[in-house]
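The first residue in the sequence is number 1, and the count goes up from there.
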Amino acid sequence: MVELRLTAGNVTNPNVHKIGVIALGSHLENHGPALPIDTDSKIASYIAFNSSLRSGAKYLGIIYPAHELKEINHGIHNSLEELTEEIINVLNSAKKFLGIEKVVIINGHGGNLPIVTTLYEIEEKTGLIITLNSKIIESEGPHGGTGELSMGKVLGILNEDEVKNQTNTDTYGEIGLTAFHQARANDPNIEEGARDIAENGVYVDEIYGEQLFELAINSVLLDIEKLLDSY
């Protein structure tokens, strides 16, 4: 077998080759007229890829399915069981072919948060140490709101001509999840986001978008450092 030069390039710790980063988003859900239906996946992928560039960790791509709460119907999603099974399959493949031992999952879609209840199963069936990083969800604000619009501007996926219509929640009820009354009643954070859209509207700030990305990337880099420290 060829001996790989694990210290070649800009690598401060050869063990980083045993760590993978993978994006988890949503490819098929509405985000209002100014953002595409795969906004969450593009955001999560950007964070994952840039985290891998800065750290040297392996970029493992993105998981295709996504989950959503049953009371929120703004796209096409999958069951938690399907999502869990796909994550297990993909990570087992990364373990087999790349020698991955630890993984940071970068989650850019709030509906995927119930995956925390199956992380033990994922670890058990892959033999990997898993860290779930949802920092961008904690930071970006309401669905289809200023945070996502601003990050969309950074990514070049924003239709700026439609930003003026992004607060038309009568037509685009997914913005701030304003149309999903049961979800708002069940979750104070969702209710707060809906009220924020109604009271403050939205705007685009490219610098703010860059700051959100930097916050999320640094959070992933910290997770990678913690995983390295355990070697």
For residues 36-61, the ring pair (Phe, Tyr, Trp, His ring centres under 6.0 Å) pairs (sequence neighbours left out) are Tyr46-Phe213, Phe49-Tyr59
Of all heavy-atom pairs linking Gly25 and Ala66, the shortest is O-CB, 3.1 Å
Rounding to 0.5 Å, atoms CD (Glu86) and CD1 (Ile63) come to a distance of 6.0 Å
Residues 80-115 vs ring pair (Phe, Tyr, Trp, His ring centres under 6.0 Å), sequence neighbours excluded, gives His77-His109
Verdict with reasoning, Ile100 to Lys18, per side chain to side chain contact (heavy atoms under 4.5 Å, CB included): CA-CA 5 Å; Ile100 296 298; Lys18 303 173 186 176; 5.8 Å; no
Residues at least two apart in sequence or cross-chain that pass side-chain hydrogen bond (donor to acceptor under 3.5 Å, both in side chains) with Asn92, listed by chain then number, are none
All heavy atoms of Leu228 vs all of Val16, minimum pair found to be CD2-N, 3.6 Å
Quick one: does any side-chain atom of His67 pair with a main-chain N or O of Asn78 as donor and acceptor, under 3.5 Å? yes
Inset, instruction - Report yes or no: do Val103 and Leu221 belong to one cluster of Ile/Leu/Val/Met/Phe/Trp/Tyr joined by side chain heavy-atom distances under 4.5 Å? - result: no
So does Thr178 get a backbone contact from the side chain of Arg184, meaning a donor-acceptor N/O pair under 3.5 Å? yes
Short side-chain to backbone donor-acceptor contact, Ser79 and Glu82, under 3.5 Å | yes
- Do any N or O atoms from the side chain of Ser139 and from the backbone of Ile136 form a donor-acceptor pair under 3.5 angstrom? no
**Study point:** Short side-chain donor-acceptor distance under 3.5 Å, Asp38 and Ser41
**Key:** no
So the side chain to side chain donor-acceptor pair (under 3.5 Å) pairs with at least one residue in residues 196-206 (sequence neighbours excluded) are Asp196-Asn200
Ser150 and Tyr208 have their tightest heavy-atom pair at OG-CD2, 3.9 Å
Measure the shortest side-chain to side-chain distance between Leu83 and Asn112 over non-hydrogen atoms and say whether it is less than 4.5 angstrom.
-> yes
Going by chain and number, the hydrophobic cluster around Tyr64 (ILVMFWY, side chain to side chain under 4.5 Å) further includes Ile62
Practice item. Kindly check if the number of other-residue, nucleotide or ligand heavy atoms within 6.0 Å of CD (Glu210) is above 12? Key: yes
Quiz prompt | Heavy atoms from other residues, nucleotides or ligands near CG of Asn10 exceed 12 (cutoff 6.0 Å) | solution = no
Under a side-chain separation threshold of 4.5 Å, the hydrophobic residues clustered together with Leu28 are Ile37, Ile76
Residues 125-146 vs ring pair (Phe, Tyr, Trp, His ring centres under 6.0 Å), sequence neighbours excluded, gives His31-His143, His74-His143
Ile22 vs Val90, test: side chain to side chain contact (heavy atoms under 4.5 Å, CB included). Steps then yes/no. CA-CA 10 Å; Ile22 193 165; Val90 171; 3.7 Å; yes
Smallest heavy-atom separation, Pro142 atom then Ile197 atom, equals CB-CG1, 3.8 Å
Are Ile175 and Pro33 packed together at the side-chain level, in the sense that at least one heavy-atom pair is separated by less than 4.5 angstrom? yes
Contacts satisfying side chain to side chain donor-acceptor pair (under 3.5 Å) that involve residues 93-106 (not counting sequence neighbours) are Glu101-Tyr231, Lys102-Ser230
Heavy-atom distance under 4.5 Å between the side chains of Glu123 and Leu128, does that happen here?
no
**Side-chain heavy atoms of Ile47 within contact of Val220, under 4.5 Å** = yes
Going by chain and number, the hydrophobic cluster around Ile72 (ILVMFWY, side chain to side chain under 4.5 Å) further includes Leu69, Leu177, Phe180, Ile190
- Task: May I ask whether Leu6 and Ile224 are part of the same hydrophobic cluster, defined by side-chain heavy atoms of I, L, V, M, F, W, Y residues being less than 4.5 angstrom apart, directly or through others?
- Result: no
dist Thr131:OG1 -> Ile105:CD1 (nearest 0.5 Å) comes out at 9.0 Å
Distance col, row Leu24:CG vs Asn107:CG, nearest 0.5 angstrom, shows 4.5 Å
**Asked** Has the side chain of Thr39 got a donor or acceptor atom that lies under 3.5 Å from a matching backbone atom of Leu35?
**Response** no
Distance col, row Ile106:CD1 vs Leu60:CG, nearest 0.5 angstrom, shows 9.0 Å
If you define the side chain from C-beta out and look only at heavy atoms, does anything of Leu113 sit under 4.5 Å from Ser134? yes
Quick note, side chain to side chain donor-acceptor pair (under 3.5 Å) partners involving residues 211-227, not counting sequence neighbours, are Arg54-Glu214, Asn133-Ser219, Asn133-Asp223
CD of Glu71 to CG of Asp187, rounded to nearest 0.5 Å, is 8.5 Å
* Heavy-atom side-chain contact between Val21 and Lys58 under 4.5 Å -> no
The complete set of salt bridge (charged side-chain N to carboxylate O under 4.0 Å, His left out) pairs with one or both residues in residues 137-156, sequence neighbours excluded, reads Lys153-Glu160
With sequence neighbours left out, the residues meeting side-chain contact (heavy atoms from CB on, under 4.5 Å) with Ala34 are Leu149, Leu158, Glu162, Val163, Gln166
Rounding to 0.5 Å, atoms CD1 (Ile122) and CG (Leu132) come to a distance of 8.5 Å
Do Ile19 and Ile129 sit in one hydrophobic cluster, given that two such residues count as connected whenever their side-chain heavy atoms are within less than 4.5 Å of each other, even indirectly? yes
